[in-house]
K.L.:
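Below is a structure I'd like to ask you about.
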Amino acid sequence: MVDNRSSLPKKMSMNFGKIYAGQKPAFVSRASGRVELIGGHTDYNEGFVIAAAIDSSACVAAAKRNDNIICLYSEWARQKHEFELPAFAGTSLPLRKQGPAPEPSQDCQWANYGRGVAAYLCREGLDVKGANLYIASDVPVGAGLSSSAALEVSLAKAMIHLSKPDWQIQPKRLAQICQKAENVYAKSPCGILDQITAVTATKDHVILLDCRDVSVRLLPFDSNACSIMIFNSMVKHEIGGGEYGKRRRQCEEACAVIAEKYPQVRALRDADQAMLDSVKNQLDNVQFLRAGHVIGENARVLAAAEALKQNDIEKLGRLMNESHCSARDLYQISCEQTDFLAEQIWQSDGAYGARLCGGGFGGSVVALVQPDAAAKISKNVRKAYKDRFDLDCDVYLAKPWQGTEIIEPA
Ligand code: ADP
Ligand code: MG
């Protein structure tokens with residue numbers, strides 16, 4: 001976690017100079033990782049999710065160049081990578097809107113996030129300028145906290161601020177551009193939750209995202225009363241990939257059957273349990289279970305939003321526990337390790353609730369706990385996990401944070 005934000009530009013400035021021949025960055029842009037508190041697999045059913053931008057972030061220190069090259073350096077990759085902006089960079093020829101240039105790189109996967117963001121910003125009409133960019137991130141990679149979206153959004157903000165600081169773009173549009181960069185250039189078929197969270201979230205709030213129209217509502221979150229913990233099981237089961245596609249199909253099939261009887265149902269988000277029950281004999285058992293999870297989960301997200309408005313953290317915790325059980329029993333995306341972590345947390349003093357987050361088949365469990373209980377819970381759960389699976393589970397403490405910002409030098 002970045003705990004001393006005020007020293008960050010100074011530290012990055014020093015490192016920047018080492019990579020870029022003594023040059024000083026003009027500013028640092030920052031974008032947060034995110035955690036999904038509740039709303040598992042509701043996104044592609046046009047439902048709701050509650051997520052928080054967290055105080056781990058990807059930072060990009062940026063300085064102008066006099067040519068049309070973007071140079072990236074990543075501390076994580078310990079590597080420099082350059083690419084050229086379209087030859088007409090530096091002018092405002094309309095041609096720039098025509099195609100997503102530069103192309104994806106075949107041999108430098110991490111740089112494709114930067115290439116993609118630059119390409120789609122160009123297509124959006126921004127005259128992206130040549131830049132030296134230095135990336136430092138404390139969002140752990142692959143832990144379910146979306147290091148990729150933090151990187152894209154931070155890069156996009158840096159490119160915009162360097163090229164045309166007063167350029168106007170809607171937050172939703174910016175999130176879509178970053179998502180497209182990830183989908184097309186990094187070949188990762190992610191939804192928009194990660195990017196929209198970084199772009200819209202504010203400190204001490206979580207967001208309620210309506211995945212149908214990508215609208216966002218901010219809900220208060222009292223970090224003094226409650227801490228967010230993330231337990232990375234450190235396992236990722238291979239079966240996950242194909243199973244995700246299967247779940248999507250099963251939801252579509254169940255939805256189609258419900259929609260025959262109730263034409264107002266366009267996605268499972270529009271259905272309720274009574275509708276599902278009324279078509280039970282037209283569905284196979286698996287379709288029935290999958291739809292039951294999505295319908296229940298959507299209702300839980302809306303109940304959780306109400307609980308947050310009432311500052312009822314205990315209720316929110318209970319809803320998270322129910323969410324885990326539904327993911328385990330109806331959606332069948334949990335596994336031994338994530339079930340064990342959730343159960344250990346449920347039994348801990350000072351824990352409000354815990355659930356599997358992200359896609360499933362391994363990955364992370366998110367928990368809400370009393371702040372003064374966090375250290376003990378972390379220690380005990382890590383030990384129990386090690387004893388049971390001989391694996392070290394990484395634990396992160398997170399606070400809802402401002403999703404993105406530009407930090408100017410002091
Ligand atoms: P996550 O759940 O963390 O988003 P992804 O697989 O979606 O996992 O994204 C991880 C990828 O994002 C990395 O393999 C790398 O290509 C890119 N990435 C994340 N952080 C950095 C960084 N600091 N520097 C360079 N690339 C990064
Ligand atoms: Mg990602």
Side-chain angles (χ1 to χ4, degrees), residues 1-2 8 11-12 15-16 19 28-36 40 43 49 51-54 56-62 70-83 104-118 132-159 175 178-199 230-238 240-241 244 338 356-366 394 396 398 403-404:
M1 309 281 155
V2 179
L8 183 79
K11 207 170 121 202
M12 285 193 80
N15 294 339
F16 190 97
I19 298 297
V28 173
S29 80
R30 189 193 65 73
S32 292
R34 66 96 193 91
V35 62
E36 154 216 313
D43 55 348
V49 190
I54 59 174
S56 289
S57 36
C59 293
V60 176
I70 288 200
C71 187
L72 305 171
Y73 175 83
S74 159
E75 278 186 355
W76 174 79
R78 293 205 189 103
Q79 201 183 9
K80 234 177 176 180
H81 178 92
E82 285 189 0
F83 61 88
S105 160
Q106 297 309 316
D107 51 12
C108 188
Q109 175 61 7
W110 68 268
N112 280 331
Y113 296 87
R115 284 174 169 258
V117 166
N132 288 332
L133 304 175
Y134 181 103
I135 303 158
S137 175
D138 65 352
V139 186
V141 170
L145 298 178
S146 199
S147 66
S148 56
L151 176 62
E152 292 142 26
V153 172
S154 192
L155 283 168
K157 288 290 230 183
M159 288 178 202
C178 292
Q179 180 198 15
K180 188 129 198 228
E182 178 152 352
N183 291 164
V184 177
Y185 277 65
K187 298 195 172 55
S188 169
C190 60
I192 202 167
L193 172 72
D194 306 352
Q195 294 82 3
I196 201 89
T197 307
V199 167
I230 297 114
F231 297 77
N232 184 354
S233 70
M234 312 303 278
V235 296
K236 195 75 209 159
H237 294 289
E238 280 308 313
Y244 174 84
T338 44
L356 171 71
C357 60
F361 306 101
S364 294
V365 168
V366 58
D394 278 347
Y396 308 95
T404 180

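As the structure lists them, so they are numbered: ligands from 1, and atoms in each ligand from 1. Along the sequence shown, residues are numbered consecutively beginning with 1.
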K.L.:
Roughly how far, to the nearest 0.5 Å, is the OG atom of Ser148 from the OH atom of Tyr113?
P.N.:
5.0 Å

K.L.:
Dump the pairs for me: ligand 1 N or O, protein N or O, distance under 3.5 Å, to 0.1 Å.
P.N.:
from     : atom 1 : to     : atom 2 : distance (Å)
ligand 1 : 3 (O)  : Gly142 : N      : 2.8
ligand 1 : 3 (O)  : Ser147 : N      : 3.1
ligand 1 : 3 (O)  : Ser147 : OG     : 2.7
ligand 1 : 4 (O)  : Ser147 : N      : 3.1
ligand 1 : 4 (O)  : Ser148 : N      : 3.1
ligand 1 : 4 (O)  : Ser148 : OG     : 2.9
ligand 1 : 7 (O)  : Ser148 : OG     : 3.1
ligand 1 : 24 (N) : Ser74  : OG     : 2.7

K.L.:
Have Ser29 and Ser154 got a donor and an acceptor in their side chains that come within less than 3.5 Å?
P.N.:
yes

K.L.:
How long is the straight-line distance from SG of Cys59 back to OH of Tyr134, given to the nearest 0.5 Å?
P.N.:
11.0 Å

K.L.:
For Ser233, which residues count as a side-chain contact (heavy atoms from CB on, under 4.5 Å) partner, sequence neighbours excluded?
P.N.:
Val235, Gln337, Thr338, Leu341, Tyr385

K.L.:
Around the Mg ion (ligand 2), how many protein N, O or S atoms are there at under 2.8 Å?
P.N.:
1

K.L.:
Out of curiosity, Leu145 CG to Ser364 OG, how far, rounded to the nearest 0.5 Å?
P.N.:
6.0 Å

K.L.:
Rounded at 0.5 Å granularity, tell me how far CD1 in Ile135 sits from CD in Glu75.
P.N.:
9.5 Å

K.L.:
With sequence neighbours left out, which residue pairs that include part of residues 141-152 fulfil the salt bridge (Lys or Arg N to Asp or Glu O under 4.0 Å) condition?
P.N.:
none

K.L.:
What's the separation between atom CG in Leu133 and atom NE2 in His81, rounded to the nearest 0.5 Å?
P.N.:
12.0 Å

K.L.:
To the closest 0.5 Å, what do you measure between OG (Ser56) and CD1 (Ile230)?
P.N.:
7.5 Å

